[in-house]
Enquirer: 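Would you mind keeping the following structure in view while I ask a few things?
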Amino acid sequence: MVENRPWLNFLAHAVLIAGVLAVAFPLYVTFVASTLSFKEIMQVPMPLLPGSHLVENYSQVLSGGTTTGSKAAVSHMLVNSLVMALAIPLGKITISIIASFAIVYFRFPLRMFFFWMIFVTLMLPVEVRIIPTLQVITDLKMNNTYAGLTIPLIASATATFLFRQFFMTVPDELAEAARVDGAGPMRFFWDVLMPLSKTTMAALFVIQFIYGWNQYLWPLLVATDESMYTTVIGIKRMIVGSDAANEWNLIMATAILAMLPPALVVVLMQKWFVKGLVETEK
Amino acid sequence: MKIKNLAIAWLTFGLLSANAHAQTEIQWWHSMGGALGEALNGLANKFNAGQKDYKIVPTFKGSYPESMTAAIAAFRAGNAPHLLQVFEVGTATMMAAKGAIVPVAKVMGDAKEPFEPKAYLPTVTGYYSDLKGNMLSFPFNSSTVMFYINKDAFKKAGLDPNKAPRTWKELIAAAEKLKASGQQCTYTTSWPSWMHIENFSAWHNVPIGTRQNGMGGFDAQFSINSPLHVRHIAMLGDMSKKGLFTYAGRTNQGDAKFSSGECAMFSGSAGAQAGIKKAASFDWSINFIPYHDDVKGAPQNSIIGGASIWIMGGKKPEEYKGVAKFMAFLSQPEIQMEWHTSTGYVPITRASYDLTRKSGFYDKNPGADMPVRQLTNKAPTENSKGLRFGNFVQGRTVIEEELEAVFAGKKDAKTALDEAVKRGNEILRQFEAANK
Amino acid sequence: MAAVSFRDVRKSYTPELQVIHGVSMEIKDGEFIVILGPSGCGKSTLLRMVAGLETVTAGEIAIGDRVVNNLEPKDRDIAMVFQNYALYPHMSVFDNMSYGLRIRGLSSSEISERVNRAAEILELKKFLDRRPRALSGGQRQRVAMGRAIVREPQVFLFDEPLSNLDAKLRVQMRAELQALHRRLGTTSLFVTHDQVEAMTLAQRMIVMNAGRAEQIGAPLEIYARPATTFVAGFIGSPPMNLIPRDGKLLGIRPEHLEPCAASDAMLTIDVDLIEPLGADILVYGHIGDRDSARVAARLPADAKVQAGKLAVRYAPGNVHWFDQASGRRID
Amino acid sequence: MEKRVVFRSAWLPYVLVAPQIVITILFFFWPAVQAVWFSFQLQDAFGLKTQFVGLQNFTALFKDGNYLESFKVTALFSVLVAFSGLAVSLLFATMADRVVRGALAYKTLLIWPYAVAPAIAGVLWAFLFAPSIGIVTYVLKGMGVDWNWIIKGDQAMLLVVIASVWKQISYNFLFFFAGLQSIPKSLIEAAAIDGAGPLRRFWTIVFPLLSPTTFFLLVVNIVYAFFDTFGVIDATTQGGPGQATNILVYKVYHDGVKAADLGGSSAQSVILMVIVIALTVVQFRFVERRVQY
């Protein structure tokens with residue numbers, strides 16, 4: 001920094017450490033809670049050191065959910081979450097990249113019409129058209145299917161724009177060179193454009209993985225069958241599922257399981273995550 | 001390649017399992033989680049084991065509103081289940097959906113299975129029948145609201161643990177003593193509207209709404225802003241201000257407050273007993289809910305909560321035959337007794353109540369017959385037969401929002417209840433218009 | 001290898017915006033042709049029309065005896081070197097060079113033989129596994145050429161391939177290009193805006209201006225007999241002096257002026273600037289009114305020049321005349 | 001800007017855009033049209049009876065004091081979420097920009113809440129602040145605060161704001177941090193030579209230079225508060241107590257799904273769509289100025 005003022009540096013570290021602790025505190029309590037027995041967690045105040053029921057709680061939720069609420073096994077929910085978290089980014093990347101390819105590299109009637117059609121979808125978040133969209137899913141008999149869970153979420157203007165913007169920065173000469181080399185459009189797409197888009201795809205993948213994993217409202221409505229619950233939905237079902245007290249220790253164990261995969265993706269793939277976040281800019 | 005193999009495996013699996021369906025499957029969507037769900041599965045298994053033609057397939061679909069939403073969506077998509085467990089506030093909505101449901105009486109009659117509405121407790125029959133006395137849905141799990149006390153806390157406060165407060169006056173006196181003894185929370189409740197508006201009205205024999213609490217037609221209006229209602233809610237608001245009443249939330253959050261020992265007195269579902277038994281580390285008792293002793297005729301009888309089974313329309317005759325068989329199976333006193341004793345829900349037929357009494361269950365489990373005794377305290381009147389308001393899911397939300405305003409000290413009881421009536425009536429008019 | 005013909009080739013993007021106004025030319029098999037002109041004159045467009053990257057609005061382009069107007073680039077049997085090289089950044093040098101061959105389905109032994117041969121010629125052998133970004137500008141340029149060579153096409157197209165190189169490298173590459181052409185003898189079209197490049201490389205050149213071919217011919221021929229004032233002004237440095245005389249334009253190259261006694265003066269220059277370059281001296285000035293005609297003279301190194309007036313003369317045989325209105329040469 | 005080169009094919013581009021266009025029509029346009037259509041209808045829950053009622057659903061909404069109240073709640077909620085979220089993140093980002101050592105570690109430790117689903121964030125904070133067993137509640141009670149968000153509307157609002165802000169800190173932080181890093185150090189140094197202290201430098205140099213980022217984040221945060229916080233609300237207060245946290249998008253869900261009032265809910269959707277379109281136009285005009293699409 002510009003001038004050397006030790007107390008300012010100290011303050012900066014102090015604020016950051018306080019921030020990190022404040023941000024992490026709920027996580028710590030959640031973890032502790034997930035290691036306690038039901039009786040321990042109902043004490044006021046609950047213990048703030050991990051208990052001895054870690055294995056018990058986690059194996060309980062993984063195999064059989066809660067004992068009083070939803071009995072759906074969290075292990076199965078994790079699979080469903082994973083399916084969503086993989087299918088959404090893959091689907092999104094696939095349909096967006098080919099659509100942007102068409103819009104950037106071809107001139108055809110209705111090109112701008114399609115472009116605006118995709119752009120306008122930015123203005124319609126799933127939340128505001130939730131009931132009619134559900135109706136469409138219902139009409140198509142896609143309730144409680146992976147297709148119903150994922151397909152309506154894979155169309156997005158964001159990804160299309162991101163690819164479009166990226167394609168605009170690819171030198172025209174590359175495409176020309178490919179044409180002279182004898183590559184047709186699809187060959188150029190596969191051999192040149194796709195490899196060049198790798199980082200964009202990776203960034204998008206990380207962001208959309210989290211988006212897919214964390215979906216809430218949509219699976220809440222589409223996945224009414226226990227076998228289709230995602231982890232996030234499972235937690236919600238555990239809380240309001242029954243007439244008895246919430247088994248917070250099991251709910252918290254599930255919460256940890258629900259947070260872990262996306263958090264790991266964010267932390268381990270930080271570079272792509274930051275790139276994706278900054279570039280998609282919603 | 002792997003995906004392809006998987007797909008083939010699924011296909012094969014699908015074909016095989018399709019071949020194995022020699023039986024007629026009957027889908028049953030319900031909201032019984034945990035121990036209740038196990039008891040329910042037990043019934044289904046017993047039925048399935050007892051005959052070969054039909055197979056009941058129970059599926060847990062989340063909370064009551066969630067399974068109802070799911071069923072409505074499924075109905076619109078044309079794949080509704082055969083049987084749907086619907087909570088009591090959804091009754092009017094189901095009834096109005098004439099094309100979506102088949103009255104249980106008709107299914108039983110068509111299948112020539114025995115079915116006698118009179119066998120049920122009058123409060124139960126009243127709740128689920130139309131005005132001509134035709135049972136529309138099959139009563140299944142019924143409960144009512146009860147009053148629980150923590151005997152240890154009473155002892156500590158110098159109160160007689162065997163004398164639970166019977167009136168609100170006594171309750172307030174006890175609450176003050178409990179508070180003086182250091183009890184943080186003296187009284188709380190689950191399901192505030194069910195307890196303090198719906199059951200309160202029945203218990204004091206005053207109407208919740210016109211047209212026999214809505215049973216007489218869709219043009220009913222709420223009448224929960226009567227002086228008695230206002231007085232009761234004002235009293236709760238006052239108790240809340242003084243720290244004698246702790247609001248716990250709109251659903252069953254009160255259960256945990258009682259079973260953890262935080263609150264010494266508590267009104268909640270009869271079904272809460274199972275949970276309290278499991279979690280409470282103190283001595284407790286279950287009692288009749290308190291009443292205002294200056295109200296003539298009080299206490300009357302409480303009304304039921306819980307759910308009934310609706311039979312959805314548009315299925316094959318063969319399937320309805322199976323449904324009827326299953327309903328007949330569930331009607332047997334022995335089965336009813338098993339359900340009652342294993343879950344804590346009320347026995348809903350006289351026969352099963354008598355059978356349970358004869359079995360000595362109530363001697364071994366004192367208090368277990370309190371709910372049914374409270375439900376049958378007197379012969380039900382027009383005001384205590386039950387209620388049937390359209391869109392009551394929304395109606396209840398409105399009532400609860402207004403109650404919360406009173407408990408938080410933001411509105412006085414009169415204003416809040418007037419507002420609840422006004423907003424509630426708008427919902428009723430909308431329902432009336434939609435179901436013309 | 002093949003001849004290339006332009007037959008009244010025209011290009012317009014919109015009816016109003018015409019960028020090529022009808023170019024005709026026959027390029028012989030194995031010839032090295034330079035298309036020269038200032039930026040925006042349509043020279044790149046013309047080249048890209050040969051490549052098939054731009055459509056031909058009217059007229060015909062033929063390679064060999066095939067009219068290629070409606071053929072895809074890949075079917076024209078041409079190879080192109082781009083100004084920014086257009087190397088595929090994610091492929092190795094080998095893959096870049098062999099990409100077109102792979103698409104054409106050549107056997108891998110054939111591919112590696114051709115690539116190795118090209119790499120040998122271009123001294124790229126030790127870079128074959130590198131990615132383009134690990135190469136210097138000159139090396140990248142060579143890869144781009146290599147990519148064209150391996151294809152063994154009928155025609156090479158070069159779109160200002162040297163303009164991204166520094167001056168020294170440019171001279172070197174020029175020499176290499178010439179050597180390459182001698183060796184392969186492939187018909188080549190080379191676009192540039194640099195007259196030195198054009199003069200040194202071209203067997204024949206097309207000087208273009210505003211979508212028209214102003215003059216087509218061998219470099220020295222064009223230098224000696226520019227067909228228009230534009231060509232006269234564009235080729236040669238400093239450009240030809242153009243002085244209004246008797247309603248015409250008198251053209252005389254700076255090197256054809258020599259100092260003389262004031263009495264012999266055919267022109268008297270008011271000197272504005274003197275640049276001694278060592279080998280010779282450049283003198284800039286004007287005649288008469290300050291703005292009537294600007295003149296440059298290239299004088300021997302030992303000429304005595306001072307500020308003020310400079311008297312010069314020229315041999316009558318070195319004079320060119322142009323029509324003042326049309327700018328055309330008058331012979 | 002357009003590409004100079006184009007491939008030519010009469011059918012290929014249509015095939016390439018088809019999947020996205022089909023999905024867009026099926027799950028965006030058709031439902032949007034339906035939402036508008038439903039908003040003029042009155043339907044029973046099972047869809048057995050449908051009547052056209054014109055603008056009745058809309059007039060009913062605007063006569064409904066609670067709907068207007070929901071607007072106020074949404075406005076208050078978004079303002080609180082946006083401003084406190086931006087303030088906290090800006091503080092962290094400024095500090096992280098200042099420390100030479102460990103900035104990356106702090107960044108890693110601050111960004112992970114982005115990965116937490118809003119609903120789970122809600123559950124976590126609801127647990128910490130649970131009226132009877134919550135650990136924070138215990139501390140607050142010890143300090144004499146009567147904490148019970150089940151009944152106290154302002155506390156419920158505070159809870160959902162905290163949970164929502166907590167989840168959004170990472171996002172804001174990353175953008176602020178990137179924004180700060182892109183401010184040329186020479187500017188700061190010039191200001192320091194001119195005699196401006198750290199605080200003065202921040203307000204007169206850094207903050208104004210950061211304003212495009214701040215404005216962008218403001219819009220994003222408001223959109224976030226409008227829609228993405230649905231999970232937080234549903235997992236904690238469910239709009240209560242009273243209507244204290246009943247934001248517009250939750251009300252759409254409650255009325256449409258839980259209360260099966262398709263017409264009323266669709267009318268609300270239509271109004272929300274108008275709001276989103278307005279917000280998007282604001283955002284797009286801004287983005288357009290900054291990024292050349």
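Lettering follows sequence order; numbering is per chain, from 1.
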Enquirer: Does any backbone or side-chain atom of B/A248 lie under 4.5 Å from a heavy atom of chain D? Answer side chain, backbone, both or neither.
Expert: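 For B/A248, the contact with chain D is made by the backbone alone.
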Enquirer: Heavy-atom pairs under 4.5 Å with chain D: which of B/N435, B/T69, B/T93 has the most?
Expert: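 That would be B/N435.
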Enquirer: Examine whether an atom of B/N391 lies under 4.5 Å from a heavy atom of chain D, and if so say whether it belongs to the side chain, the backbone or both; otherwise answer neither.
Expert: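 The side chain, not the backbone.
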Enquirer: Is B/A416 in contact with chain D via its backbone, its side chain, both, or neither, using a 4.5 Å heavy-atom distance?
Expert: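 For B/A416, neither part sits under 4.5 Å from chain D.
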Enquirer: If contact means a heavy atom pair closer than 4.5 Å, which residues of residues 397-413 of chain B contact chain D?
Expert: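 Interface residues of residues 397-413 of chain B: B/T397, B/E401, B/E404, B/F407, B/A408, B/K410.
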Enquirer: Go through B/A100, B/G390, B/P65, B/G249 and name the one with the most non-hydrogen pairs under 4.5 angstrom from chain D.
Expert: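 That would be B/A100.
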Enquirer: Hey, which of B/E419, B/K98, B/K257 has the most heavy atom pairs under 4.5 Å with chain D?
Expert: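 Heavy-atom pair counts peak at B/K257.
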Enquirer: Could you state the interatomic distance from OG1 (B/T246) to CD1 (D/I151), rounded to the nearest 0.5 Å?
Expert: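 Result: 10.5 Å between the selected atoms.
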Enquirer: Does B/K106 have more than 12 heavy atoms from other residues, nucleotides or ligands lying within 6.0 Å of its NZ?
Expert: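 No, NZ of B/K106 has 12 or fewer neighbouring heavy atoms, counting only those of other groups under 6.0 Å.
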Enquirer: Heavy-atom cut-off 4.5 Å, strictly under: side chain, backbone, both or neither for B/S240 against chain D?
Expert: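 No part of B/S240 comes within 4.5 Å of chain D.
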Enquirer: How far apart are the closest heavy atoms of D/Q238 and B/R250, and which atoms are they?
Expert: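 Closest approach of D/Q238 to B/R250, heavy atoms only: O-NH1, 4.4 Å.
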Enquirer: Rounded to the nearest 0.5 Å, what separation is found between the CG atom of D/N66 and the CZ atom of B/R423?
Expert: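 Between D/N66 CG and B/R423 CZ, I get 3.5 Å after rounding to 0.5 Å.
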Enquirer: Against chain B, label D/Q51 side chain, backbone, both or neither, depending on which of its atoms sit under 4.5 Å from a heavy atom there.
Expert: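 It is the side chain, since no backbone atom gets that close.
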Enquirer: Which residues from residues 153-168 of chain D are near chain B, with near meaning under 4.5 Å between non-hydrogen atoms?
Expert: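 So far as heavy atoms go, D/G153 are the residues that approach chain B to under 4.5 Å.
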Enquirer: Roughly how far, to the nearest 0.5 Å, is the CZ atom of D/F46 from the CE atom of B/M312?
Expert: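 B/M312 CE to D/F46 CZ: 4.5 Å, rounded to 0.5 Å.
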Enquirer: Return the minimal non-hydrogen interatomic distance between D/N148 and B/Y247, and the atom names on each side.
Expert: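 Looking at all heavy atoms of both residues, the shortest contact is ND2-O, 3.5 Å.
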Enquirer: Would you say D/F62 has more than 12 foreign heavy atoms packed within less than 6.0 Å of its CZ?
Expert: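 Above 12, so yes.
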Enquirer: Heavy-atom pairs under 4.5 Å with chain D are the metric here; pick the option from B/Q184, B/Q394, B/M68, B/Q253 that has the most.
Expert: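 Going by pairs under 4.5 Å, I would pick B/Q394.
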Enquirer: Is the count of non-hydrogen atoms from other residues, nucleotides or ligands lying under 6.0 Å from D/Y138 atom OH greater than 12?
Expert: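 No, not enclosed.
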